[in-house]
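Inspection log for the structure reproduced underneath, given as structure tokens.
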Amino acid sequence: MDRRDFIKASCAVLLSNVLAKELIAETKPSVVAVSEGKNYEEITKNVIYALGGMKRFVKKGDLVVVKPNIGWDRKPEYAANTHPLVVKTIVLECLNAGAKKVKVFDRTCNDPRRCYDNSGMSEVLKNIKNVELKHIDYDRFKRVSLNGVFLKDWELYDEALSADVYINVPIAKHHGLTKLTLSLKNVMGIMGGNRGYIHRNIENALADIHSYFKTTLNIVDATRILLDNGPQGGSLKDVKVLNKVIASTDKVAVDAYATTFFNLKPEDISITQIAHRRGLGEINLSKVKIIKV
């Protein structure tokens, strides 16, 4: 074998090894970690550790965005916003993993200051070094080309786009239009413009956004869930305490699992169904590896 043939053969072996690794990675089942308990900090840590720990996702010096739902002027017990202790725990785990800075924000529906204060987020995050609880700066939305099925372009928040790590932390709750709001819908908090427009075809609009914008980790707060009159709620009779947190790198799989908390099937939620059809994750829970901690 001459030198040229040797190089060709070596390259072929290397390429086959790479393709084999990619094939193995593609065939690995999605993993959803679930933990239950009254200590919300502990169960949040449990699901992170079950997925390999925060150091799997956050490297030293990373700029991290943690994006909860803090869109409503509601106290934590009303299950309209992500529980502040879940968010605080995630933030601290990011810092312990070596994050240079953690930013927390949401584009609110009610008055931003009241949302941040009454949700409990301002209180739990104050005085934590290298953590910034930010109000949205509307000048920082950046129009990006999506070339999607429904959205050809849209304004997305540049601090989310530029982050090294993006952690999606929705609360599981009822929604009057889409039945539920979970990980996939939580991306609306980084969308600018007239968000009402996407309701014309919200399933494909959200899939268009998620096809462009990647989340590193999804952690769903199901410590208490809103069963009716969502997304804003306002009555404790609509709230059910579950004391659960679930997590996955697969936003479709984690939403599919969370759907079962509402006595619904994943296929009942059109946002989840379309996202699965468009290759964004696994909807069939029989194909998902469930780790209960």
Side-chain angles (χ1 to χ4, degrees), residues 32 66-74 76-84 86-87 105-110 115 119 121 150-151 154 156-157 160 166-191 194-210 213 215 217-235 238-242 244-248 250-276 280-281 283:
V32 173
V66 173
K67 216 300 282 181
N69 187 324
I70 37 178
W72 304 99
D73 180 10
R74 291 279 185 259
E77 57 266 31
Y78 288 94
N81 302 307
T82 310
H83 199 286
V86 173
V87 176
F105 51 76
D106 192 14
R107 182 183 173 188
T108 65
C109 298
N110 298 148
C115 290
S119 67
M121 217 63 69
F150 179 64
L151 298 179
W154 200 265
L156 298 178
Y157 201 55
Y166 182 90
I167 302 179
N168 184 26
V169 195
I171 180 173
K173 59 179 178 176
H174 169 262
H175 193 280
L177 175 65
T178 60
K179 294 186 181 178
L180 297 180
T181 171
L182 299 162
S183 294
L184 289 159
K185 194 169 183 301
N186 199 43
V187 79
M188 290 184 70
I190 66 164
M191 293 176 65
N194 176 17
R195 294 182 296 184
Y197 171 79
I198 75 166
H199 292 156
R200 300 179 185 185
N201 189 347
I202 192 167
E203 299 87 355
N204 276 304
L206 292 177
D208 290 339
I209 298 291
H210 283 289
F213 182 76
T215 55
L217 179 62
N218 306 279
I219 301 177
V220 178
D221 167 25
T223 56
R224 67 278 178 266
I225 62 174
L226 186 61
L227 297 175
D228 205 0
N229 294 310
Q232 185 169 190
S235 173
D238 294 327
V239 177
K240 181 178 181 180
V241 177
L242 287 186
K244 292 181 180 181
V245 174
I246 61 178
S248 181
D250 183 334
K251 65 193 79 174
V252 177
V254 80
D255 282 8
Y257 190 88
T259 300
T260 64
F261 299 154
F262 297 84
N263 294 319
L264 294 169
K265 298 176 181 178
E267 295 78 11
D268 295 331
I269 310 303
S270 58
I271 290 174
T272 315
Q273 198 174 58
I274 293 298
H276 168 67
L280 295 172
I283 196 173

Do [X] and [Y] come within less than 4.5 Å of each other through their side chains, counting heavy atoms only?
X	Y	result
L156	I209	yes
L182	T259	yes
V87	P68	yes
K185	H175	yes

Any donor-acceptor pair under 3.5 Å from N201 side chain to F150 backbone: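 Such a contact is absent between N201 side chain and F150 backbone.
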Side-chain (N168) to main-chain (S183) donor-acceptor, under 3.5 angstrom: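 Yes, because the side chain of N168 sits within donor-acceptor range (under 3.5 Å) of the backbone of S183.
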Full working for side-chain contact (heavy atoms from CB on, under 4.5 Å) between M188 and T181: CA-CA 10 Å; M188 290 184 70; T181 171; over 6 Å; no
Any donor-acceptor N or O pair under 3.5 Å, side chains S248, D250: no
Under 3.5 Å side-chain donor-acceptor pair for H210 and K251: yes
Residue pairs involving residues 252-269 (criterion salt bridge (Lys or Arg N to Asp or Glu O under 4.0 Å); sequence neighbours excluded):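 Residue pairs with at least one partner in residues 252-269: there are none.
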Whether Y166 and F213 hold their rings parallel, tilted or perpendicular, with breakpoints at 30° and 60°: perpendicular
Mutual orientation of the aromatic rings belonging to W154 and Y197 [parallel < 30°, tilted 30-60°, perpendicular > 60°]: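 Answer is parallel, since the angle falls under 30°.
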Test side-chain contact (heavy atoms from CB on, under 4.5 Å) applied to T223 and V245, step by step: CA-CA 6 Å; T223 56; V245 174; 4.0 Å; yes
Working for side-chain contact (heavy atoms from CB on, under 4.5 Å), residues F261 and V220: CA-CA 12 Å; F261 299 154; V220 178; 6.0 Å; no
Partner residues of D106 under the side-chain contact (heavy atoms from CB on, under 4.5 Å) criterion, sequence neighbours left out: K67, N69, I70
